[in-house]
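To start, the structure under review is shown below, and the notes come after it.
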Amino acid sequence: MSEFDYDLFVIGGGSGGVRAARVAADHGARVAITEEYRYGGTCVIRGCVPKKFMVYAAHFSEDFDDAESYGWSSEKHTFDWNVLIQNKDKEIDRLNSIYIKLLENAGVDLFHEHGKIVASNSVQIGEKTFTANTILVATGGTPFVPSFSGSEHTITSNEAFHLDKLPERIIVTGGGYIAVEFAGIFNGLGCQTELVYRGEQILRGFDQDVRDHLSKELVKKGIGIRLNETIESIELTSKATRKVTYTSGETSIADQVMYATGRTPNTENIGVESVDIALGQSGEIIVDKYSRTNINNVYAVGDVTNRIALTPVATMEGHCFADTVFGNNERIADHREVASAVFSQPQVGTVGLTEHEARAEYSNTQTYRSEFRSLKHSLTNNTERTLMKLIVDGDSDRVLGAHMVGADAAEILQGIAIAIRAGACKSDFDRTVGIHPSSAEEFVTMRTPVT
Ligand code: NDP
């Protein structure tokens, strides 16, 4: 009989924590987990999943227009925000209960309270304290809003999912995933939308052609983009109207101002100081390749470690941790060549090196690029253009990166990511027969490098 109440205590019921708890329990460990908000975490409850529903909703406005060129005549379509929110919430409730059932069926003990480490083997849940041989911190992150005059008049993605009504005018601040995705959502749903970013071009870190191409497409779809600009202050001019003053001195009026300026790891009030868990500069928990902190029996996975803040990465980290510690199967989460997508309109899909990164690392980099109007749009008034790029090491012929802006980019890049992970060469792409007519076939028909 163990001296501890549990073999594993997990703090945080999001993607990483839930996967780790379930897998550890499957390996025979006695596991408990606690979640202070709702099981499912950011991704399921107020992130990827509800966001994707809203992206679908927003895209219909364009689809209705395109449909007319294909002979469909439609009445004037109207949009009801409340219907979307209610249906989205119903599905999130269903997913939340599935997460709880999965844990229960795996034999995990569930708590619904804030958890705090009080000693290297003790976790406090409300009034009770439990002991565990191993503790896993999977507490995720929280939207970060810089402090400035009037910052209390802003919303973040957390609130955007539950607004009482759709704003007529919205300003979205930030140039990352969340800002770009929500600008597309609000614009597609009919709001007058402005995207404000402090840098030269949105999506810093992405391939430069992707950034420029997407930016142009967003503007074509009606989003106003202000670059090299920061909000200095926000003033409430009436109950629902915000006057925004920029550092340049210019002003805008909006009904909502949304901040998507990054996320902060949730390490406050979880007891990291009680056992001296080492934190990094952004407050993230520092871990080694096994997701182990500086305290031998305390591990951390997911956004709280600020490695790659993506759900499938947190899940991978949680799974590797559980296999290694409880499954007698040492596994290290591999953070290389992780594909990702920005669910902007049009979407961005990306895997591997950008052209800039490849040129810095390889002396003989070749770039293949194709830009075109998709077959679907050639019959419509839709001027959206698709961009595809392959980055190749000219010496070994290996494909180092693939990037796309266009319809279904996420779906297409998932397949390309398998090829790149498998070490595919450009010649493998070349001898792959395309699926015709499709946009994806362009990835196997680009023959001449542009640079
Ligand atoms: P990101 O880190 O992607 O982007 C933050 C943006 O805010 C950057 O453009 C940054 O500018 C800007 N910013 C930061 N601080 C300030 C400030 N003080 N004033 C003005 N602008 C500022 O964060 P997000 O919030 O968009 O998303 C968090 C993470 O969640 C992402 O990195 C991603 O890993 C994940 N995510 C993934 C999604 C997906 O897979 N589709 C969807 C949503 C989120 P700068 O570039 O100059 O630093």
Side-chain angles (χ1 to χ4, degrees), residues 14-16 41-56 140-151 154-161 171-185 194-206 208 210-211 214-215 218 225-234 244 246-248 257-266 281-284 302-317 335 338-351 404-405 409-411 413-414 417:
S15 308
T42 303
C43 176
V44 173
I45 307 297
R46 47 191 179 189
C48 331
V49 176
K51 180 272 312 285
K52 191 85 189 274
F53 290 136
M54 292 170 91
V55 170
Y56 286 131
T142 306
F144 157 77
V145 180
S147 62
F148 59 91
S149 166
S151 60
T154 62
I155 58 166
T156 67
S157 54
N158 284 354
E159 293 74 42
F161 290 120
I171 292 171
V172 182
T173 307
Y177 286 81
I178 299 181
V180 169
E181 290 180 344
F182 271 89
I185 288 169
E194 196 165 32
L195 183 61
V196 179
Y197 174 52
R198 65 181 177 183
E200 296 281 331
Q201 186 55 284
I202 56 171
L203 290 184
R204 183 166 64 83
F206 282 71
Q208 189 63 39
V210 165
R211 301 169 72 190
L214 180 70
S215 182
L218 297 186
I225 301 186
R226 272 179 198 265
L227 298 172
N228 302 306
E229 189 66 286
T230 305
I231 293 178
E232 190 171 82
S233 64
I234 301 176
V244 172
Y246 300 103
T247 38
S248 63
V257 180
M258 176 174 163
Y259 261 71
T261 42
R263 296 174 62 86
T264 311
N266 285 333
Q281 278 190 340
S282 319
E284 77 277 15
D303 291 4
V304 74
T305 63
N306 201 20
R307 286 176 280 182
I308 301 179
L310 297 173
T311 296
V313 174
T315 317
M316 167 177 70
E317 290 165 359
H335 293 91
V338 171
S340 78
V342 184
F343 292 99
S344 45
Q345 302 185 34
Q347 292 178 5
V348 174
T350 179
V351 60
M404 174 176 172
V405 184
E411 312 291 342
L413 262 291
Q414 183 67 84

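In each ligand, atom 1 is the first atom listed, and ligand 1 is the first ligand listed.
- Between Glu317 and Arg307 there is a salt bridge, since at least one side-chain N of the basic residue sits less than 4.0 Å from a carboxylate O of the acidic one.
- Taking both residues in full, the closest heavy atoms of Ile178 and Ser157 are given as CG2-CB, 4.1 Å, listed atom of the first, atom of the second, then distance.
- Of all heavy-atom pairs between Met404 and Leu413, the closest is CB-CD2, 3.6 Å.
- Using a 4.0 Å heavy-atom criterion, the residues that approach ligand 1 are Lys51, Pro146, Gly174, Gly175, Gly176, Tyr177, Ile178, Glu181, Tyr197, Arg198, Arg204, Ala260, Thr261, Gly262, Arg263, Ala309, Leu310, Ala341, Phe343.
- Ion pairing between Arg226 and Glu194 holds under the 4.0 Å rule for side-chain N and carboxylate O.
- Judged by distance alone, the side chains of Glu232 and Ser149 never bring a donor and an acceptor atom under 3.5 Å apart.
- Counted by atom type alone, Thr156 and Glu159 present one or more donor-acceptor pairs between their side chains at under 3.5 Å.
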